[in-house]
Amino acid sequence: MANSSIEWTEMTWNPTTGCTKISAGCKYCYAEVMSRRLKGMGQEKYKDGFKIKMHPDALNIPYTWKNSKIVFVNSMSDLFHKGITLEFIQKVFHVMNDNPQHVFQVLTKRADRLLELHKKLKWTHNIWMGVSVENELVKSRIDFLRKTNAKVKFLSLEPLIGPLPKLNLDNIDWVIVGGESGAKARPMDVEWVLDIQEQCERADIAFFFKQWGGRNKKANGRILNGKVYDEMPPIDFL
Ligand code: SF4
């Protein structure tokens with residue numbers, strides 16, 4: 001568990017670590033860089049670097065938080081990676097089902113496996129399920145997500161590396177947009193962002209603009225149309 005600097009969450013919880021690249025959005029994967037760094041610092045949890053690992057000892061952590069939290073699950077991995085067993089995914093879901101006082105935000109690029117397994121998982125109101133979509137080539141992930149039983153569904157359009165016109169936003173509750181950051185960040189066109197913001201406004205969907213990104217993401221900030229967009233779905237802590 002760690003407090004998070006990610007704008008749309010409060011903290012991270014990583015019951016699995018490690019991943020493999022699957023599409024263009026993975027090119028400068030932050031989790032990969034961090035995993036190698038943490039391995040270098042001698043952290044036991046990351047002794048295998050970016051190799052897929054399940055961490056049963058992390059399953060009890062959400063029970064120890066005193067107040068309600070908004071939690072990004074698996075910032076350092078992808079829960080629906082084929083290397084994570086269904087049994088372990090079910091254990092992670094059991095923890096989330098058992099802790100309705102917290103909101104858990106799960107994000108995957110493996111939307112096909114998500115759909116394959118979704119009926120074997122219990123979707124309580126506090127589990128927000130999202131897919132990452134970085135360009136048109138992977139737009140089908142949204143259709144997979146739409147068909148699941150998740151109660152709250154969201155899109156992370158980050159790092160946005162191409163335009164996403166005419167999105168089908170039926171049955172989608174939240175859209176996050178962000179540009180890539182870092183020395184080699186691929187550019188994000190302001191017109192792509194404005195188009196998505198307008199699509200969300202027309203469809204009356206919560207829109208969150210995370211960052212422009214670039215070499216100096218702090219300096220570039222997160223102002224769009226002269227304002228900060230930080231809408232979220234209603235939070236229903238019990
Ligand atoms: S799916 Fe996510 S965690 Fe996995 S390699 Fe791609 S960006 Fe990294």
Side-chain angles (χ1 to χ4, degrees), residues 1-2 4-9 11-40 43 45-55 58 71-86 88-89 92-93 104-118 121 127-145 148 150 153-162 164 174-188 208 210-211 213-214 217:
M1 171 202 100
S4 175
S5 60
I6 301 169
E7 289 77 358
W8 47 264
T9 197
M11 60 196 303
T12 55
W13 170 49
N14 283 288
T16 72
T17 52
C19 197
T20 52
K21 296 185 179 186
I22 185 170
S23 62
C26 300
K27 189 169 184 183
Y28 302 119
C29 174
Y30 168 84
E32 182 183 27
V33 175
M34 274 309 291
S35 296
R36 302 232 155 95
R37 194 173 295 165
L38 293 166
K39 178 184 177 178
Q43 283 214 9
K45 191 170 182 180
Y46 294 92
K47 70 177 172 10
D48 294 324
F50 202 45
K51 279 200 190 123
I52 284 278
K53 283 202 81 173
M54 295 169 265
H55 299 276
V71 187
F72 178 21
V73 181
N74 277 352
S75 61
M76 300 295 283
S77 182
D78 185 334
L79 188 61
F80 289 92
H81 190 286
K82 63 181 184 325
I84 313 284
T85 63
L86 171 60
F88 194 78
I89 297 172
V92 172
F93 267 68
F104 293 94
Q105 301 160 318
V106 184
L107 187 57
T108 188
K109 285 189 174 73
R110 273 82 180 178
D112 47 351
R113 188 159 188 243
L114 162 67
L115 182 61
E116 186 190 316
L117 301 184
H118 82 112
L121 304 169
I127 300 171
W128 296 7
M129 187 67 231
V131 293
S132 299
V133 178
E134 63 268 30
N135 60 23
E136 284 229 84
L137 292 175
V138 292
K139 242 166 67 167
S140 61
R141 289 176 188 158
I142 305 172
D143 297 319
F144 287 112
L145 173 68
T148 69
K153 301 181 179 75
F154 72 98
L155 310 181
S156 171
L157 312 181
E158 186 194 10
L160 188 66
I161 53 173
L164 288 171
W174 189 30
V175 173
I176 301 164
V177 173
E180 195 158 53
S181 53
K184 295 181 184 166
R186 291 162 284 184
M188 178 172 69
F208 193 107
K210 185 180 164 219
Q211 61 178 37
K217 75 169 191 169

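None of these values were measured; they are calculated from a predicted model. Numbers for residues simply follow the sequence, beginning at 1. Ligands are counted one by one from 1 in listed order, and the atoms in each one are counted from 1 as well.
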Discussion item. Determine whether V131 and T108 satisfy the following criterion, side-chain contact (heavy atoms from CB on, under 4.5 Å), listing intermediate values before the conclusion.
Written reply: CA-CA 5 Å; V131 293; T108 188; 4.1 Å; yes
Discussion item. I'd like to know if E32 pairs up with K21 as an ion pair, taking the criterion as any Lys NZ or Arg NE/NH1/NH2 lying under 4.0 Å from an Asp or Glu carboxylate oxygen.
Written reply: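 Salt bridge present between E32 and K21.
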Worksheet item: With atoms numbered from 1 as shown, which atoms in ligand 1 lie under 4.0 angstrom from a non-hydrogen atom of R110?
Response: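 That gives atoms 1 (S), 4 (Fe) of ligand 1.
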Discussion item. Under 4.0 Å from a heavy atom of T20: which atoms of ligand 1 are those, numbered in the order shown and with their elements?
Written reply: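 Those qualifying, in numeric order: 4 (Fe), 5 (S).
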Worksheet item: Once the angle between the rings of W128 and F154 is folded into 0 to 90°, is it parallel (under 30°), tilted (30 to 60°) or perpendicular (over 60°)?
Response: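 The rings of W128 and F154 stand perpendicular, inter-plane angle above 60°.
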Worksheet item: Atom CG of N14 and atom NZ of K53: how far apart are they, to the nearest 0.5 Å?
Response: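 Reported to 0.5 Å precision, the distance equals 13.5 Å.
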Worksheet item: Closer than 2.8 Å to atom 8 (Fe) of ligand 1, which protein N, O or S atoms?
Response: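 Near atom 8 (Fe) of ligand 1, below 2.8 Å, one finds C29 SG.
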Discussion item. Quick check: do R141 and K109 have side-chain heavy atoms less than 4.5 Å from each other?
Written reply: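 Side chain of R141 against side chain of K109, heavy atoms only: contact under 4.5 Å found.
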Practice prompt. Applying side-chain contact (heavy atoms from CB on, under 4.5 Å), run through N74 and V106 and close with a yes or a no.
Written response: CA-CA 7 Å; N74 277 352; V106 184; over 6 Å; no
Discussion item. Could you check whether any side-chain N or O of T148 sits under 3.5 Å from a backbone N or O of H118, counting only pairs where one atom can act as donor and the other as acceptor?
Written reply: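 Between the backbone of H118 and the side chain of T148 there is no qualifying donor-acceptor contact (under 3.5 Å).
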